[in-house]
Amino acid sequence: RPERKCILSGDHGPRASLVRLAIAPADAEGHCEVLPDVLAKAPGRGAWIGVSRPELEAALATSGKGGGKLRGALARAFKGAALTIPADLAERIEAGLRRSLTDRLGLEMRAGLLRLGSDRIAEMARAGRVHWLGHAADARTSKLAFDRGTGCGYLTHALACETVTGMPYDQFAIQADAACHFANTS
């Protein structure tokens, strides 16, 4: 498995645990805009980040015109290219990750690997075929939580319930009205 190094923390990790940043072609003034490349498919050189959103926002806050931690790290990664770092980079990364997740859920659904409804999911869990379980509260809130599967007899991937919903998974699942459940059975 290829490993990458986070340009902000210096930590090494697998590609799947970091987000790639790429630069757009230079504009008329010769500046290249830094953009998230969540699928890591854009051509050219990339820089990898693996820090939390608050850490990224702190690095962005210090990235004024004169410098800062993120600007310096990106300048080194992109070999001194004239860079434009959007103030909403963290929001763009989140939107890209959210879009990637929903695209993947759509593919899993079309492939017949995504189960909806608590009865079907319970049946699949008893058969040991659930890899991860998701809960969405009211669709209007757009809050997603992913069950770690603790004590449920199946393994799941945990995706930051607490950072998305503001509360631990168990509290969120109990308090969620009109909860929608979905599970991956690939």
About how many Å separate [atom2] of [Y] and [atom1] of [X], when rounded to the nearest 0.5 Å?
X      : Y      : atom1 : atom2 : result
Arg45  : Cys32  : CZ    : SG    : 13.0 Å
Arg115 : Arg120 : CZ    : CZ    : 8.5 Å
Arg104 : Leu39  : CZ    : CG    : 11.0 Å
Met109 : Thr102 : CE    : OG1   : 13.0 Å
Ile7   : Lys69  : CD1   : NZ    : 10.0 Å

(message) With heavy-atom distances below 4.5 Å as the criterion, would you say the side chains of Leu70 and Leu56 are in contact?
(response) yes
Hydrophobic cluster membership, with links at side-chain heavy-atom distances under 4.5 Å among I/L/V/M/F/W/Y: are [X] and [Y] in one?
X     : Y     : result
Ile49 : Leu35 : no
Val34 : Leu60 : yes
Leu18 : Leu74 : no

Between [X] and [Y], which heavy-atom pair has the shortest distance, and what is it?
X     : Y     : result
Cys6  : Val51 : SG-CG1, 3.8 Å
Gly30 : Ala82 : O-CB, 3.6 Å
Leu21 : Pro36 : CD2-CA, 3.8 Å
Arg15 : Ala40 : NH2-CB, 3.4 Å
Gly96 : Val38 : O-CG2, 3.5 Å

Hits for salt bridge (charged side-chain N to carboxylate O under 4.0 Å, His left out) against Arg4, two or more places apart or cross-chain, chain-then-number order -> none
Could you go through residues 83-95 and list every donor-acceptor pair under 3.5 Å that involves a side-chain atom there, pairing it with any protein atom two or more places apart or in another chain?
{"from": "Asp88", "atom 1": "OD1", "to": "Arg92", "atom 2": "NE", "distance (Å)": "2.9"}
{"from": "Asp88", "atom 1": "OD2", "to": "Arg92", "atom 2": "NE", "distance (Å)": "3.4"}
{"from": "Glu91", "atom 1": "OE2", "to": "Arg53", "atom 2": "NH2", "distance (Å)": "3.0"}
{"from": "Arg92", "atom 1": "NH1", "to": "Glu33", "atom 2": "OE2", "distance (Å)": "3.1"}
{"from": "Glu94", "atom 1": "OE1", "to": "Arg53", "atom 2": "NH1", "distance (Å)": "2.1"}
{"from": "Glu94", "atom 1": "OE2", "to": "Arg98", "atom 2": "NH2", "distance (Å)": "2.6"}

Exercise for review: Indicate yes or no for a side-chain donor-acceptor contact from Asp37 to the backbone of Ala22 under 3.5 Å, with no hydrogens or angles considered.
Suggested key: no
